[in-house]
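Report on one structure; see the data block that follows.
Letters A, B, ... are given to chains in the order of the sequence lines, protein chains preceding strands, and every chain is numbered from 1.
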There are 2 protein chains.
Amino acid sequence: MARPRFRNLDKDTRNQILETAAVEFAARGFDGTSLNRLIEGLGISKGSFYYYFDDKADLFSTVVDHAWAVFLPEGELDLAAFDGENYWPALQELMRQARARARANPWVAGFTRLIYNPPDNPDIREALDVLFAKAREFQAELIRRGQELGAVRDDLPIELLQSLLVGADEAGDRWFVDNWERLGDDEVERLFEEVFAIFRRMMEPPPG
Amino acid sequence: MARPRFRNLDKDTRNQILETAAVEFAARGFDGTSLNRLIEGLGISKGSFYYYFDDKADLFSTVVDHAWAVFLPEGELDLAAFDGENYWPALQELMRQARARARANPWVAGFTRLIYNPPDNPDIREALDVLFAKAREFQAELIRRGQELGAVRDDLPIELLQSLLVGADEAGDRWFVDNWERLGDDEVERLFEEVFAIFRRMMEPPPG
DNA sequence: GTTGATTTAGACCGATCGGTCGAACCATCG
DNA sequence: CGATGGTTCGACCGATCGGTCTAAATCAAC
């Protein structure tokens, strides 16, 4: 994690550093991101960078925390408030917000892909593992709550169902982000409802 | 593409080079793969490597062609033979074979992810673009044939439906490959049929 | 203005990268 | 045997990498 003095910088400066680094890490991965080019792009010197961060891995860890804050839905999530009546609408609203965040921070989608090709550096692997374990647990809680309510099928290994859903969801996110401008908000909303209906049919107990 | 003399090598030697390179490229990407370490692992010298390949990009292109051969189903695919009766069983069989290939060549799954973080090298970008354009077109043809037969819904942009399906399919592939050993062939087959039923419900016109 | 702590700057380091090149090796000829 | 053409080898090159370090700039307190 960044040295304490990092907090002394302007909030804008801190944000610019973390966002720029996040975009670069998301696009090129940890090893693929050049620290030299990054700080040159930011207009800060090497000495300054190492004054605020221990090393490249330290910057990455800080960015991971930043990414997690963006990934999480706003406000606390009260699973107990989900009941048989509102489970599907509440889930749909969560996904709608997630899609909005994905559009506002397109690098987050790139970040999620880092887990598949982790670098050798063990600190980085651990930071990614922790991040994605949290994300997976969050998704799994939503699914399990649906199973408790009888809304979601429980005849498949939950990891399998979760994999299918997350895979489809990430692909859908990508498609919506890529085509949002062309389609306009209304068409996106209409298609999003269709897509959510597909997700719901994936999750519900199969007919027959 | 590799120099013509590459064909003079034993088929085993050629395969070992291409498979080892494929695994490495799939795991670390183009830029992340070290040519020095690769040839050291293969036990060949730098001089020998450059005797058969123009450069690293040339090796990559050759590997891409190799990957495409593995990705494609065996034998020719006759879309006209798909009719309303056998569309779903035929599609299921195609997916079953794809899953078997994914298990036998796990690096192919890693290869498909390269498209999301392409390196700067324009030759590599083009090789990847061509490869994935072929793959997408192949998938799209299957979907369009289903639409002609009235089996598959056509009220969504086909690229959206295709994205969702491919995203879920790749995630499912990954899960099956990771858990195959633990589950055994029979359980994998049972779960695969459940998963295909999910894909079918994603593709069919929605009820109601 | 002087002092001392904080912050910035960039020259420099060893390691590794992809790629070049000339020498050596080796089989097949006359 | 020597000559020849195909093949292998590894030292070497410039570029770039992440990281170190010292000196200068800046700021606050008196």
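- If you take CZ of Phe30(B) and C1' of dG19(C), they are 12 Å apart, rounded to a whole angstrom.
- Residue Asn36(A) is in base contact, counting any heavy-atom pair closer than 4.0 Å across all strands shown.
- Aromatic ring orientation, Phe82(A) versus Tyr87(A): perpendicular (interplanar angle above 60°, classes split at 30° and 60°).
- A salt bridge links Glu93(B) to Arg96(B): at least one charged side-chain nitrogen sits closer than 4.0 Å to a carboxylate oxygen.
- In the set dC17(D), dT7(D), dT7(C), dT7(C) carries the atom at the smallest distance from any side-chain atom of Arg5(A).
- The phosphate of dT16(D) has neither OP1 nor OP2 within less than 4.0 Å of any side-chain N or O from Ser34(A).
- Proximity of Tyr52(A) to the phosphate of dT8(C): a side-chain N or O atom is located under 4.0 Å from OP1 or OP2.
- Comment: Glu137(B) engages Arg144(B) in a salt bridge, judged by a side-chain N to carboxylate O separation of less than 4.0 angstrom.
- Note on Ser48(B): a base of the nucleic acid sits closer than 4.0 angstrom, heavy atoms only.
- Using a 4.0 Å heavy-atom criterion, one finds that Lys46(A) contacts the bases of the nucleic acid, with or without backbone contacts as well.
- Atoms CG (Asp120(A)) and P (dC17(C)) sit 11 Å apart, rounded to a whole Å.
- Between Phe196(B) and Trp88(B), the two ring planes are perpendicular [angle over 60°; tilted spans 30° to 60°].
- For the pair Ile17(B) CD1 and dT7(D) C1', the computed distance is 13 Å after rounding to whole Å.
- The distance between atom CD1 of Ile39(B) and atom C1' of dG19(C), rounded to the nearest whole Å, is 10 Å.
- With dA9(C), dT20(C), dG19(D) as the candidates, the nucleotide lying closest to the side chain of Tyr50(B) is dT20(C).
- Following rounding to the nearest Å, Asp54(B) (CG) and dG19(C) (C1') show an atom-to-atom distance of 12 Å.
- Residue Tyr51(A) has its side chain nearest to dT7(C) when only dG10(C), dT7(C), dT8(D) are considered.
- Of the listed nucleotides (dC17(D), dT8(C), dG18(D)), dG18(D) has the atom at the smallest distance from the side chain of Leu35(A).
- One atom, CZ of Arg37(B), and another, P of dA15(C), lie 17 Å apart when rounded to the nearest Å.
- Nucleotide dC17(C) holds its P atom 11 Å from the CG atom of Leu38(B), rounded to whole Å.
- The interatomic distance linking Ile44(A) (CD1) with dT6(C) (P) rounds to 20 Å, in whole Å.
- At least one side-chain nitrogen or oxygen of Ser45(A) sits closer than 4.0 Å to the OP1 or OP2 atom of dA9(C).
- The side-chain hydrogen bond (donor to acceptor under 3.5 Å, both in side chains) with Tyr51(B) is formed by just one residue from the set Arg5(B), Arg3(B), Lys46(B); it is Arg5(B).
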